[in-house]
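Encoded as structure tokens, the structure appears first; notes follow it.
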Amino acid sequence: MSHSTDVLFRPFSIGSLNLSNRIVMAPMTRVMAPNGIPGEPNAAYYRKRAEGGVGLILSEGTIVNRPASRYEINIPAFHGESALNGWKGVIDAVHAAGGRMGPQLWHTGSTRSHSGWEPEVPVESPSGLVGPGDARGIAMSEEDIADTVAAFAQAAADAKRLGFDIVEIHGAHGYLIDQFFWQGTNQRADRYNGATIKERSRFAAEVIAAMRAAVGPDFPIILRVSQWKQQDYAARLATKPAEMTDWLLPLVEAGVNVLHCSQRRFWEPEFPELDGENGLNFAGWAKKLTGATTISVGSVGLSSDFFGAFGGQGSERDGLDKLVQRMERDEFDLIAVGRALISDADWVHKIQTGDTTQLKGFDAATLAELV
């Protein structure tokens with residue numbers, strides 16, 4: 001790394017949240033909350049990243065109070081007395097270490113388990129589809145939709161009550177909210193569908209507005225979005241900036257403060273046909289078009305993207321020059337780091353002190369334990 005990383009350690013504030021640096025721990029599903037209840041091992045895991053200097057920690061996806069809202073039994077819940085007591089232990093541990101944290105609220109829609117686990121009731125989605133032409137589960141009624149909106153709002157209110165600093169909505173990667181965005185999985189004939197991405201964003205906008213009403217004006221809300229889906233890595237919701245504006249601006253107007261723009265490699269331009277091979281990435285365009293604060297993410301500090309991790313592949317460490325250059329021009333506001341923080345809880349401190357010779361790559365074996 002030849003560039004100074006000082007730009008990563010500028011303070012940042014939004015609403016009631018003050019951060020000591022621009023580094024976010026990305027939400028990463030670990031499936032290690034027995035029967036959905038987080039405990040001391042989960043609290044220790046997040047506490048170590050706070051002790052390691054992460055500015056903002058986003059939890060793994062944690063499910064709202066809907067039947068079949070998770071696709072693995074040990075994904076943590078964010079409802080019910082036992083689960084919420086567990087999350088209270090997590091946020092207290094993070095705060096004791098000087099950290100800031102928000103839960104990522106999630107509904108996995110009709111996506112399939114990697115282990116073969118099945119919920120006891122049918123999975124739900126906009127149209128009973130996992131992907132284009134791939135049927136699974138049931139299509140949600142308007143009553144189901146209203147109940148799901150209420151479940152997200154209740155979870156947001158509980159996050160604020162428990163002492164969390166921010167909350168994130170998972171609206172990416174082919175899960176429930178993203179299944180409403182995507183024309184390939186939204187084949188409804190009512191007001192929650194339409195020919196345009198703006199029309200298909202109605203469900204997300206209702207979720208956001210209800211959450212905003214539940215937490216008040218100053219508590220920050222993040223929305224994670226992506227073009228790619230686990231069902232189709234090449235999928236694109238917005239093929240040009242005008243479509244991206246139609247997609248994202250109504251969601252910001254509904255109450256989102258921060259757009260967390262997920263892509264496989266943060267340095268790849270979103271519309272290279274417009275601004276070239278070094279043009280704005282997804283988060284850069286989202287910030288330009290909406291004026292919202294944005295988080296970028298994708299293979300930070302590593303030599304390969306995360307898809308290989310599912311097959312047991314590790315990744316070598318890589319430099320941060322491309323990241324520093326983009327942050328120095330204020331292309332986006334915050335950067336999320338994922339796998340590097342699984343294998344190295346002190347990654348942030350090592351970057352800040354310049355102790356880069358001690359940086360670790362990503363070892364896929366670390367996915368098997370919560371340390």
Side-chain angles (χ1 to χ4, degrees), residues 12-20 24-25 27 29-30 33-47 49-50 54-67 69-70 74-108 146-171 176-177 204-224 251 254-258 260 293 295:
F12 188 79
S13 298
I14 185 165
S16 58
L17 177 64
N18 299 306
L19 302 177
S20 61
V24 178
M25 179 177 174
T29 297
R30 303 306 308 275
N35 294 312
I37 309 301
E40 174 53 32
N42 308 89
Y45 166 74
Y46 289 114
R47 184 184 67 244
R49 277 71 192 172
V54 173
L56 174 64
I57 295 170
L58 295 176
S59 83
E60 61 207 285
T62 179
I63 58 162
V64 299
N65 189 13
R66 283 292 296 162
S69 55
R70 62 183 163 198
N74 292 328
I75 287 173
F78 208 83
H79 61 87
E81 183 177 359
S82 295
L84 293 178
N85 285 343
W87 282 114
K88 176 63 173 170
V90 170
I91 189 57
D92 287 351
V94 168
H95 281 165
R100 299 291 180 267
M101 184 176 183
Q104 185 191 66
L105 303 180
W106 196 21
H107 187 313
T108 60
D147 288 347
T148 303
V149 169
F152 273 96
Q154 183 60 57
D158 286 334
K160 183 178 180 181
R161 175 178 60 81
L162 292 175
F164 283 91
D165 305 287
I166 196 167
V167 65
E168 176 168 286
I169 310 162
H170 200 334
L176 181 69
I177 291 174
E206 290 185 3
V207 167
I208 293 159
M211 289 175 59
R212 174 55 64 205
V215 299
D218 296 326
F219 192 78
I221 296 174
I222 306 171
L223 174 66
R224 196 174 213 203
L251 306 179
V256 163
N257 306 99
V258 184
H260 187 174
T293 294
I295 304 172

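- In this structure a side-chain-to-backbone donor-acceptor pair under 3.5 Å is present from Ser59 to Gln104.
- Here the closest heavy-atom approach between residue Pro103 and residue Phe78 is recorded as CB-CE1, 3.7 Å.
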**OP:** Would you check, one step at a time, whether the test side chain to side chain contact (heavy atoms under 4.5 Å, CB included) holds for Asp165 with Ile91?
**Re:** CA-CA 9 Å; Asp165 305 287; Ile91 189 57; 4.1 Å; yes
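- In this structure, the separation between NZ on Lys88 and CZ on Phe164 is 9.0 Å, given to the nearest 0.5 Å.
- Taking both residues in full, the closest heavy atoms of Ala97 and Ala50 are given as CB-CB, 3.8 Å, listed atom of the first, atom of the second, then distance.
- The CE atom of Met101 lies 12.5 Å from the CZ atom of Arg47; values are rounded to the nearest 0.5 Å.
- At least one donor-acceptor pair under 3.5 Å links the side chain of Asn74 to the backbone N or O of Asn35.
- Nearest heavy-atom pair across Tyr46 and Ile57 is O-CD1, 3.4 Å.
- Under a 3.5 Å cut-off, the side chain of Trp87 and the backbone N or O of Ala77 do form a donor-acceptor pair.
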### Query
So Arg212 and Ile221, side chain to side chain contact (heavy atoms under 4.5 Å, CB included) or not? Walk me through it.
CA-CA 8 Å; Arg212 174 55 64 205; Ile221 296 174; 3.6 Å; yes
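- Closest approach of Ala254 to Ala205, counting heavy atoms only: CB-O, 3.8 Å.
- One distance of note links CG of Leu17 with CG of Asp218; it measures 11.5 Å at 0.5 Å rounding.
- Minimum heavy-atom separation, Gly36 to Arg70: CA-NH1, 3.4 Å.
- Arg161 places a side-chain heavy atom less than 4.5 Å from the side chain of Leu84.
- Between Arg66 and Asp147 there is a side-chain heavy-atom pair separated by less than 4.5 Å.
- When all heavy atoms of His260 and Pro27 are compared, the pair lying nearest together is CE1-CD, 3.8 Å.
- Taking CZ of Phe12 as the reference point, atom CG of Leu56 lies at 10.5 Å (rounded to 0.5 Å).
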_What verdict does the side chain to side chain contact (heavy atoms under 4.5 Å, CB included) test give for Asn65 and Gln154, after you've listed the backbone C-alpha separation in whole Å, the side-chain angles of each residue and the deciding distance to 0.1 Å?_
CA-CA 9 Å; Asn65 189 13; Gln154 183 60 57; over 6 Å; no
Going through the distances and angles, do Phe219 and Met211 end up as a side chain to side chain contact (heavy atoms under 4.5 Å, CB included)? CA-CA 10 Å; Phe219 192 78; Met211 289 175 59; over 6 Å; no
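- Rounded to the nearest 0.5 angstrom, Asn85 CG and Glu81 CD are separated by 5.5 Å.
- Test Leu251, Ile177, Val64 against Ile169 for side chain to side chain contact (heavy atoms under 4.5 Å, CB included) and you get one pass: Ile177.
- Only one option out of Leu176, Val207, Ile63 pairs with His107 in a side chain to side chain contact (heavy atoms under 4.5 Å, CB included); it is Leu176.
- Residue Leu105 holds its CG atom at 11.0 Å from NE2 of His79, rounded to the nearest 0.5 Å.
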